[in-house]
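Quick notes on the structure that follows.
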Number of protein chains: 2
Amino acid sequence: MEDTIFTQRLIQPDTVSLVKQRLPGNEDLFQELAFFFKAFGDATRLKILFALCASPLCVGDLAAVLAMNQSAVSHQLKALSRARLVSARKNGKVVYYRLRHEQVKNLLAQGFEQIRS
Amino acid sequence: MEDTIFTQRLIQPDTVSLVKQRLPGNEDLFQELAFFFKAFGDATRLKILFALCASPLCVGDLAAVLAMNQSAVSHQLKALSRARLVSARKNGKVVYYRLRHEQVKNLLAQGFEQIRS
DNA sequence: TTGACATATGAATATATGTTCATTTGATGG
DNA sequence: CCATCAAATGAACATATATTCATATGTCAA
């Protein structure tokens with residue numbers, strides 16, 4: 001393992017080694033984490049999540065709430081689903097979506113708190 | 001203000017009205033929140049944040065830690081800066097970056113916690 | 001079984017984003 | 001001043017993403 005490629009002089013060599021050691025070598029971990037946060041990184045999805053904070057809703061009703069077309073909402077719900085932020089439950093023709101866990105609400109709240117300051 | 005555009009029949013009309021009322025009308029709010037979370041939505045930026053959890057670092061050292069080129073790191077640091085996740089302090093030629101507030105570390109930890117389960 | 005309805009899906013398109021390369025800016029020491 | 005080094009910047013490119021449109025799937029009721 002070549003750990004020392006001298007592309008340029010380091011300012012704090014010891015700190016660099018230390019931090020490098022602490023950094024998880026598993027690339028997928030960061031990819032998954034990015035995928036998770038990315039789900040929060042779009043205004044439409046945030047509106048959907050915010051709406052679902054108030055009540056579970058079916059796709060059509062969500063579209064009405066957000067004044068968006070059904071397809072767009074469905075696509076975004078799928079994205080939120082893949083990120084495990086929402087879960088779906090079918091009832092006849094209608095599919096109800098809800099927040100998958102309370103943490104989603106927490107994270108939203110913390111985000112709002114941050115941008116307020 | 002036309003509040004009732006009957007594009008399709010609602011399943012839960014009362015819930016829709018209620019949720020619609022609760023939804024902040026300010027579009028910018030969601031845009032800003034999205035911008036905030038988006039900063040966490042990339043593996044490179046997450047690695048940078050994770051590294052900075054351990055210690056403030058200058059651009060070159062960060063590039064060494066992540067085995068990435070200086071320019072890419074600088075661009076991403078700028079993104080993190082705009083999202084107010086990191087702050088910079090110049091010392092001679094060198095610019096040190098650090099997490100702007102403890103909340104960043106918290107959010108990272110909560111993210112990791114989520115993807116673990 | 002047919003028609004109507006709710007949702008999902010796929011293709012197409014426009015826009016956003018991340019990385020690289022080349023160059024510039026800014027600061028230091030000789 | 002000048003050479004050198006760290007960082008920032010902008011253009012170019014490739015890739016990812018969000019939305020729309022058209023259509024498919026699945027469910028119910030008549």
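Naming convention: chains lettered A, B, ... in sequence-line order (proteins, then strands); numbering from 1 in each chain. These numbers were taken from a predicted model, which means no experiment stands behind them.
- Every residue meeting the side chain to side chain donor-acceptor pair (under 3.5 Å) condition with A:Q31, not counting sequence neighbours, appears here in chain and number order: A:E27.
- Across the protein-nucleic acid pair, B:R9 atom CZ and C:dT7 atom C1' stand 17 Å apart, rounded to whole Å.
- Following rounding to the nearest Å, A:L62 (CG) and C:dA6 (P) show an atom-to-atom distance of 14 Å.
- Checking side-chain atoms of B:S55 against main-chain N and O of B:A51 turns up no donor-acceptor pair under 3.5 Å.
- Residues forming a side chain to side chain contact (heavy atoms under 4.5 Å, CB included) with B:V94 (at least two apart in sequence, or on another chain): A:I11, B:C58, B:Y96.
- With hydrogens and angles ignored, the 3.5 Å screen pairs a side-chain donor or acceptor of B:R45 with a backbone N or O of B:A39.
- Counting only heavy atoms from C-beta outward, the side chains of A:F30 and A:L23 approach each other to under 4.5 Å.
- A:K90 places its NZ atom 18 Å from the P atom of C:dC5, with the value rounded to the nearest Å.
- The separation between A:L77 atom CG and C:dA6 atom C1' is 13 Å, rounded to whole Å.
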Protein and nucleotides 9-19 of chain C: nitrogen or oxygen contacts under 3.5 angstrom:
unit_1, atom_1, unit_2, atom_2, d
C:dT9, OP1, A:K78, NZ, 3.4
C:dT9, OP2, A:K78, NZ, 2.1
C:dT9, O4, A:S71, OG, 2.7
C:dG10, O6, A:H75, NE2, 2.8
C:dT17, OP1, B:K38, NZ, 3.1
C:dG18, OP1, B:R45, NH1, 2.8
C:dG18, OP1, B:R45, NH2, 2.8
C:dG18, OP2, B:R45, NH1, 3.2
C:dT19, OP1, B:T44, OG1, 2.8
C:dT19, OP2, B:Q76, NE2, 2.6

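- Look at CD on B:Q12: it is 13 Å from P on C:dA6, rounded to the nearest Å.
- Taking every heavy atom of residues 91-99 of chain A and every atom of DNA chain C, pairs under 4.0 Å involve A:K93, A:V94, A:V95, A:Y97, by number.
- Below 30°, between 30° and 60°, or above 60°: for B:F40 and A:F37 the angle between ring planes is between 30° and 60°, a tilted geometry.
- A:D14 meets the side chain to side chain contact (heavy atoms under 4.5 Å, CB included) test with no other residue; sequence neighbours excluded.
- For the pair B:L10 CG and C:dC5 P, the computed distance is 14 Å after rounding to whole Å.
- Across the protein-nucleic acid pair, A:L66 atom CG and D:dA18 atom P stand 15 Å apart, rounded to whole Å.
- Judged as a side chain to side chain donor-acceptor pair (under 3.5 Å), and not counting sequence neighbours, A:H75 has no contacts.
- If you take CG of A:D61 and P of C:dC5, they are 16 Å apart, rounded to a whole angstrom.
- Residues A:F35 and A:L108 do not share a hydrophobic cluster, defined by chaining ILVMFWY side chains whose heavy atoms lie under 4.5 Å apart.
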